Asks: 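Let me begin by handing over the structure; questions about it come next.
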Amino acid sequence: MFIGDHHLQAYPLFKNCSDDEVLRFMTCVMPLERQWAKGQVLQDQDSPLTELYLVLEGRLALTRMGAGGQEVRAGELVPGQTYGQATAFSTGQAEGQRDPFAIVALEPSRTLTFPAGAFYRQCAQVCTAHQKIIRNMLSDLAGQAQQLSRRIRILSATTLRGKIALLLLDEAGGRPAGQPFTLSYSREEMASFLAVARPSLSRALAAMKQEGLIDYDRRVFRILDPVRLEASE
């Protein structure tokens, strides 16, 4: 089934669903298609979240303002990804659970928004479409939990160099020493992910490069000495 140019079965939420099953689900829950301008806030920090977002186009950021007023980016949502699953299965749905993050459009974006209740209770017909889509949603939620665990592991390092080392080793994915790889983040995004000021990040990267631990040109990095870099943790 298509919405505009988007084949919904290509997204994890609708994996292994037929056109008929997707159509029945969509007819049952009646999601809303929405467009968002760059910089527009979809959801305020610590506000009740009563919907699940499916990104069709663009990029969304999950952000939170720290105690010192610094914005921390907890993650990014790209087409095909969903957000709000944890809320869908939490308690107190009548009032909506407060979500710790704000959701902000990083570029012009388009979403489908589903009522959270569509995912924590079956429809009256107990149709196979609902069963499949709820299973898919739980699988996607597990993947998000893994990403959160990755972030916690990286941020658990006690020093900035340690955080950078863990992030680069993770991004390298076990490549041999000296083999180039492209970082998933710009410098600004990397600083936000690590919750540090960009100048501090730039100084740390330059020092690690000077020491022969890494080399880089913009987003292309090489880990020159994995053993010493790992010891930076």
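Numbers for residues simply follow the sequence, beginning at 1. Given the structure is predicted, the values throughout are model-derived calculations rather than measurements. The analysis underlying the following values was restricted to heavy atoms, covering all of them including side chains, and did not include hydrogens, waters or symmetry mates.
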Asks: Should Q45 and F101 be marked as a side chain to side chain contact (heavy atoms under 4.5 Å, CB included) after you check the CA-CA gap, both sets of side-chain angles, and the distance that decides it?
Replies: CA-CA 5 Å; Q45 176 179 317; F101 302 111; over 6 Å; no
Asks: Do you know the tightest heavy-atom contact between A105 and W36?
Replies: CB-CB, 4.1 Å
Asks: Got L56 and P79 here, is their nearest side-chain heavy-atom distance under 4.5 Å?
Replies: no
Asks: Between R187 and Y216, which heavy-atom pair has the shortest distance, and what is it?
Replies: NH2-CD1, 3.2 Å
Asks: Using links of under 4.5 Å between side-chain heavy atoms of ILVMFWY residues, direct or through other members, which residues join V104 in one cluster?
Replies: V41
Asks: Can a donor-acceptor pair be found, under 3.5 Å and without considering hydrogens, that links the side chain of R228 to the backbone of D225?
Replies: no
Asks: How many angstroms lie between atom CG of L52 and atom CE of M137, to the nearest 0.5 angstrom?
Replies: 6.5 Å
Asks: Before giving the answer on salt bridge (Lys or Arg N to Asp or Glu O under 4.0 Å), spell out for R34 and E57 the whole-Å C-alpha distance, their side-chain angles and the decisive distance to 0.1 Å.
Replies: CA-CA 10 Å; R34 297 180 179 176; E57 295 176 0; over 6 Å; no
Asks: Quick check for you: to the nearest 0.5 Å, what is the distance between L167 atom CG and S184 atom OG?
Replies: 8.5 Å
Asks: Mind checking ring pair (Phe, Tyr, Trp, His ring centres under 6.0 Å) for Y185 and listing every partner two or more places apart, or none if nothing turns up?
Replies: F193
Asks: From E51 CD over to F114 CZ, what is the distance, rounded to the nearest 0.5 angstrom?
Replies: 10.5 Å
Asks: Membership question, hydrophobic clusters at under 4.5 Å side-chain separation (ILVMFWY): are L169 and L224 in the same one?
Replies: no
Asks: If I take atom CG from residue L205 and atom OG from residue S200, how far apart are they, to the nearest 0.5 angstrom?
Replies: 11.0 Å
Asks: Under a 4.5 Å cut-off applied to non-hydrogen side-chain atoms, are F25 and D20 in contact?
Replies: no
Asks: Going through the checks in order, is the side-chain hydrogen bond (donor to acceptor under 3.5 Å, both in side chains) test met by D19 and Q9?
Replies: CA-CA 8 Å; D19 282 350; Q9 284 94 323; 2.6 Å; yes
Asks: Taking K163 for the side chain and A157 for the main chain, is one N or O donor matched with an acceptor at less than 3.5 Å?
Replies: yes
Asks: Ignoring hydrogens and geometry, is there a side-chain-to-backbone donor-acceptor pair from S192 to E188 under 3.5 Å?
Replies: no
Asks: I want to check something: taking the side chain as every heavy atom from C-beta on, are I103 and T63 in contact at a cut-off of under 4.5 Å?
Replies: no
Asks: Is the shortest side-chain N to carboxylate O distance from R98 to D46 below 4.0 Å?
Replies: no
Asks: I'd like to know if E21 and K15 make a salt bridge, using a cut-off of under 4.0 Å between side-chain N and carboxylate O.
Replies: no
Asks: Just verifying a value: how many Å separate I134 CD1 and S139 OG, rounded to the nearest 0.5 Å?
Replies: 14.0 Å
Asks: Whether the D99 and Y83 side chains hold a donor-acceptor pair (N or O, under 3.5 Å, no angle test) is what I'd like checked.
Replies: yes
Asks: Test L155 against L194 for side chain to side chain contact (heavy atoms under 4.5 Å, CB included), laying out the working first.
Replies: CA-CA 7 Å; L155 295 182; L194 297 176; 4.3 Å; yes
Asks: Measure across F181 and A172 and return the closest heavy-atom pair with its distance rounded to 0.1 Å.
Replies: CE2-CB, 3.6 Å
Asks: Can you tell me how far CZ of R24 sits from SG of C17, rounded to the nearest 0.5 angstrom?
Replies: 9.5 Å
Asks: Could you report the tightest heavy-atom contact between V220 and P180, atom names first, then the distance?
Replies: CG1-CB, 3.9 Å
Asks: Apart from L106 itself, what residues make up its hydrophobic cluster when side-chain heavy atoms of I, L, V, M, F, W and Y under 4.5 Å apart count as a link, directly or indirectly?
Replies: none
Asks: Side chains of L168 and L183, heavy atoms from C-beta outward: is any pair under 4.5 Å?
Replies: yes
Asks: Look at the side chain of K132 and the backbone N and O of F14, then say whether any donor-acceptor pair between them is shorter than 3.5 Å.
Replies: no
Asks: Could you walk me through whether E211 and R161 satisfy the salt bridge (Lys or Arg N to Asp or Glu O under 4.0 Å) test, starting with their C-alpha distance in whole Å, then the side-chain angles of each, then the deciding distance to 0.1 Å, before giving a yes or no?
Replies: CA-CA 12 Å; E211 293 170 24; R161 286 172 65 100; 2.9 Å; yes
Asks: Within a strict 4.5 Å, meaning less than it, do heavy atoms of the L229 and M208 side chains meet?
Replies: yes
Asks: Please examine the side chains of R222 and I214, heavy atoms only from C-beta on, and report whether any two atoms are closer than 4.5 Å.
Replies: no
Asks: Run L166 and R150 through side chain to side chain contact (heavy atoms under 4.5 Å, CB included) and show every step you take.
Replies: CA-CA 10 Å; L166 285 172; R150 169 182 177 258; over 6 Å; no
Asks: Does a salt bridge link R198 with E189, judged by any charged N lying under 4.0 Å from a carboxylate O?
Replies: no
Asks: Go through the steps to decide whether Y53 and L77 satisfy the test side chain to side chain contact (heavy atoms under 4.5 Å, CB included), and finish with yes or no.
Replies: CA-CA 10 Å; Y53 292 88; L77 302 173; 5.6 Å; no
Asks: Going by heavy atoms in the side chains, are L62 and E76 under 4.5 Å from each other?
Replies: no
Asks: Should E107 and K38 count as an ion pair when the cut-off is N to O under 4.0 Å?
Replies: no
Asks: For the CD atom on Q179, are there more than 12 heavy atoms of other groups (residues, nucleotides or ligands in this structure) within a distance under 6.0 Å?
Replies: yes
Asks: Would you mind reporting whether T111 and L54 have side-chain heavy atoms less than 4.5 Å apart?
Replies: no
Asks: Using only heavy-atom distances, determine whether the side chains of Q35 and S109 contain a donor-acceptor pair under 3.5 Å.
Replies: no
